Visitor: 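What follows is a structure written as structure tokens; I'll ask about it next.
As the structure lists them, so they are numbered: ligands from 1, and atoms in each ligand from 1. The shown structure was predicted, so the numbers you read here are calculated from the model rather than taken from an experiment.
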Amino acid sequence: MALVTTKSMFEKALKKDYAVGAFNVNNMEIIQGIVEASEAEKAPLILQVSAGARKYAKPAYLVKLVEAAIIDTGLDICLHLDHGEDFEICKKCVDDGFTSVMIDGSKHSFEENIRLTKEVVEYAHSKGVVVEAELGKLAGIEDNVNVDARNATFTVPEEAAEFVAKTGVDSLAVAIGTSHGAYKFKGEPYLDFERLKQINKLIPDTPLVLHGASTVLPEFVAKCNEFGGDIPGAQGVPEEMIRTATKYGVCKVNIDTDLRLAMTAEIRKHFIEHPADFDPRKYLGPARDAIRGMVQHKIKNVLNASNMR
Ligand code: G3H
Ligand code: 13P
Ligand code: ZN
């Protein structure tokens with residue numbers, strides 16, 4: 001039981017065509033819900049912390065909560081920085097005990113992304129920490145998407161191969177049509193699997209990462225809306241598409257929005273059904289259970305967990 005890197009998790013996932021869930025954490029209940037699910041399903045686990053999460057909860061609390069989860073459950077857990085935007089935040093997280101960091105240089109030129117990623121890789125590797133980078137831009141809903149726009153934003157397979165060779169990065173987030181949040185597609189969901197296959201063919205030993213991989217399950221959107229929410233027209237990546245991606249090198253699947261929806265739906269329901277309650281444990285407890293349920297659903301139905309054994 002320890003904080004571990006993704007190295008052996010990804011080696012196994014690559015070989016057996018499944019993915020490890022990487023879930024965003026912001027507080028104790030979210031961490032506990034996710035960890036309970038991973039323990040119940042005996043599934044490998046990445047807990048990831050964004051810059052926003054660090055600001056909200058403070059880094060020391062999050063690190064200590066994850067350490068507490070390891071003590072409590074005996075699980076091996078990877079603690080990962082999500083979307084680190086510069087060298088400094090990556091260094092800080094390495095120094096704070098994270099076992100994996102993402103340097104997100106996708107907004108920079110190809111050359112600058114290589115330079116920055118290399119700088120982070122050198123520091124992180126010297127401390128035994130692994131690095132994820134990103135190449136290409138996640139398409140927003142408005143970019144959805146003609147061929148020219150695709151070629152301008154999605155990951156170019158030959159560039160991916162050059163990028164990995166020049167940076168020595170451990171895993172690579174690719175842009176093939178997913179995006180963050182609850183509004184991923186205006187019309188029919190579309191992922192560029194031909195592009196993903198090509199990337200996987202050129203760099204078969206590099207674990208690929210799918211950001212923006214929430215499905216935005218309709219029943220959770222409906223539950224939010226039924227109990228006073230206003231989330232019209234939300235749509236995510238169909239579960240079948242995520243399962244397909246795991247066959248072409250995708251070893252890490254990033255999920256935040258689906259956790260937010262599960263938690264919010266449960267709390268909204270509780271407030272409507274129990275208007276007299278004002279003890280936070282009364283609604284945060286069920287919210288934690290909702291997180292656990294969502295993560296168990298992901299492990300069983302989306303990450304190809306049957307291949308984990
Ligand atoms: O990549 C985005 C994740 O959902 C984290 O979101 O920056 O609001 O914490 P956040
Ligand atoms: P979702 O918004 O689809 O959950 O994606 C989360 C993510 O990619 C975090 O890095
Ligand atoms: Zn992301």
Side-chain angles (χ1 to χ4, degrees), residues 6 19-27 29-31 33-34 45-59 61-62 65 78-86 89-90 93 98 100-107 113 131-141 143-144 153-155 171-185 189-191 207-218 220-221 224 231 234-239 241-243 245 250-265 290-291 294-295 297-299 302-303:
T6 49
V20 181
F23 300 97
N24 286 75
V25 298
N26 292 280
N27 69 9
E29 284 78 7
I30 295 173
I31 292 172
I34 297 167
L45 180 60
I46 300 167
L47 295 177
Q48 56 188 11
V49 170
S50 69
R54 281 166 53 90
K55 197 165 166 206
Y56 173 77
K58 295 193 181 172
Y61 285 86
L62 292 172
L65 283 168
C78 169
L79 177 58
H80 173 75
L81 168 67
D82 192 25
H83 293 285
E85 72 160 0
D86 53 30
I89 190 170
C90 292
C93 287
F98 281 52
S100 175
V101 292
M102 174 186 190
I103 176 67
D104 181 356
S106 62
K107 66 176 185 217
N113 193 355
V131 180
E132 172 186 328
E134 179 166 325
L135 195 57
K137 294 183 180 62
L138 297 201
I141 189 165
D143 307 318
N144 194 23
T153 55
F154 288 5
T155 308
S171 61
L172 185 68
V174 293
I176 57 164
T178 61
S179 60
H180 293 118
Y183 298 92
K184 300 190 193 293
F185 303 101
Y190 170 83
L191 296 189
L208 304 178
V209 180
L210 204 57
H211 283 248
S214 280
T215 294
V216 188
L217 292 152
F220 288 85
V221 176
C224 283
I231 318 174
Q235 198 187 172
V237 186
E239 295 183 337
M241 287 191 176
I242 306 291
R243 286 195 294 269
V250 169
C251 293
K252 174 172 179 270
V253 165
N254 281 16
I255 293 165
D256 188 2
T257 298
D258 280 335
L259 302 183
R260 294 177 177 192
L261 287 169
M263 187 168 200
T264 301
I291 295 274
M294 177 62 77
V295 173
H297 171 84
K298 295 286 174 188
I299 295 169
V302 184
L303 302 175

Visitor: Heavy-atom contacts with Asp256 under 4.0 Å: which atoms of ligand 1 show up? List them by number with element.
Guide: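 Near Asp256, meaning under 4.0 Å from one of its heavy atoms, ligand 1 has 3 (C), 4 (O), 5 (C), 6 (O).
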
Visitor: Check each of Leu259, Thr215, Val253 against Lys298 using the side-chain contact (heavy atoms from CB on, under 4.5 Å) test, and report the only one that passes.
Guide: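 Testing Lys298 for a side-chain contact (heavy atoms from CB on, under 4.5 Å) against Leu259, Thr215, Val253 leaves exactly one candidate, Thr215.
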
Visitor: Taking only non-hydrogen atoms of His211, do any sit less than 4.0 angstrom from ligand 1?
Guide: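 No.
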
Visitor: Which is it for Leu81 and Cys90 under the side-chain contact (heavy atoms from CB on, under 4.5 Å) test, yes or no, and what are the steps along the way?
Guide: CA-CA 7 Å; Leu81 168 67; Cys90 292; 4.0 Å; yes

Visitor: Give the numbers and elements of all ligand 1 atoms closer than 4.0 Å to a heavy atom of His83.
Guide: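 Heavy-atom distances to His83 below 4.0 Å select 1 (O).
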
Visitor: Can you check side-chain contact (heavy atoms from CB on, under 4.5 Å) on Tyr190 and Val237, steps first, answer last?
Guide: CA-CA 8 Å; Tyr190 170 83; Val237 186; over 6 Å; no

Visitor: Run the side-chain contact (heavy atoms from CB on, under 4.5 Å) test on Phe23 and Ile291 for me, step by step, so that the C-alpha distance in whole Å, both residues' side-chain angles and the decisive distance to 0.1 Å come before the verdict.
Guide: CA-CA 10 Å; Phe23 300 97; Ile291 295 274; over 6 Å; no

Visitor: Any donor and acceptor pair, going by atom type alone, linking the side chain of Lys58 with main-chain N or O of Lys55 inside 3.5 Å?
Guide: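 Checked: no pair found.
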
Visitor: Counting only N and O atoms by type, is there a donor-acceptor contact under 3.5 Å from the side chain of Ser214 to the main-chain atoms of Val216?
Guide: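 The answer is no, because no donor-acceptor pair under 3.5 Å joins these two groups.
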
Visitor: What do the steps show when you test Lys252 against Gln48 for side-chain contact (heavy atoms from CB on, under 4.5 Å), and what is the final call?
Guide: CA-CA 11 Å; Lys252 174 172 179 270; Gln48 56 188 11; 3.1 Å; yes

Visitor: Protein residues near ligand 2, heavy-atom distance below 4.0 Å?
Guide: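 Residue list for ligand 2: Asn24, Gln48, Asp82, His83, His180, Gly181, Lys184, His211, Gly212, Ala213, Ser214, Asn254, Ile255, Asp256, Thr257.
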
Visitor: So among Asp256, Ile34, Ile30, Val49, which one has a side-chain contact (heavy atoms from CB on, under 4.5 Å) with Asn24?
Guide: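 Of the listed options, the one satisfying the test is Asp256.
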
Visitor: Please write down residue, atom name and distance for the protein heavy atom closest to atom 6 (O) of ligand 1.
Guide: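 Here the nearest protein heavy atom works out to Arg260 NH2, 3.1 Å.
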
Visitor: So which bit of Thr257 gets within less than 4.0 Å of ligand 1, heavy atoms only: side chain, backbone, both or neither?
Guide: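 Neither part.
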
Visitor: Report yes or no: do Glu132 and His211 form a side-chain donor-acceptor pair below 3.5 Å?
Guide: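 Yes - a donor-acceptor pair under 3.5 Å links their side chains.
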
Visitor: Minimum distance, heavy atoms only, to atom 2 (C) of ligand 1: which one of His180, Lys55, Gln48 is it?
Guide: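 Answer by nearest heavy atom: His180.
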
Visitor: For the Zn ion (ligand 3), find the closest N/O/S atom on His180 and give its atom name.
Guide: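 Answer by atom name: NE2.
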
Visitor: Looking at Ser100 and Leu79, would you say the former's side chain and the latter's main chain have a donor-acceptor pair under 3.5 Å?
Guide: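 Pair absent, no side-chain N/O of Ser100 close to backbone of Leu79.
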
Visitor: Suppose we only allow N, O or S atoms; which atom of His83 ends up nearest to the Zn ion (ligand 3)?
Guide: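 His83's closest N, O or S atom to the Zn ion (ligand 3) is named NE2.
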
Visitor: Taking the side chain as everything from C-beta on, heavy atoms only, tell me whether Lys184 gets closer than 4.5 Å to Gln235.
Guide: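 They are not in side-chain contact.
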
Visitor: Which of the atoms in ligand 1, numbered in the order shown and given with their element, are less than 4.0 Å from a heavy-atom of Asn24?
Guide: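 Atoms satisfying the 4.0 Å criterion: 3 (C), 5 (C).
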
Visitor: Tell me which N, O or S atom from His211 is the closest to the Zn ion (ligand 3).
Guide: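 Going by distance to the Zn ion (ligand 3), the closest N, O or S atom in His211 is ND1.
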
Visitor: Find all atoms of ligand 1 within a distance of less than 4.0 Å from any non-hydrogen atom belonging to Ser50, and give their numbers and elements.
Guide: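 Those atoms are 5 (C), 7 (O), 9 (O), 10 (P).
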
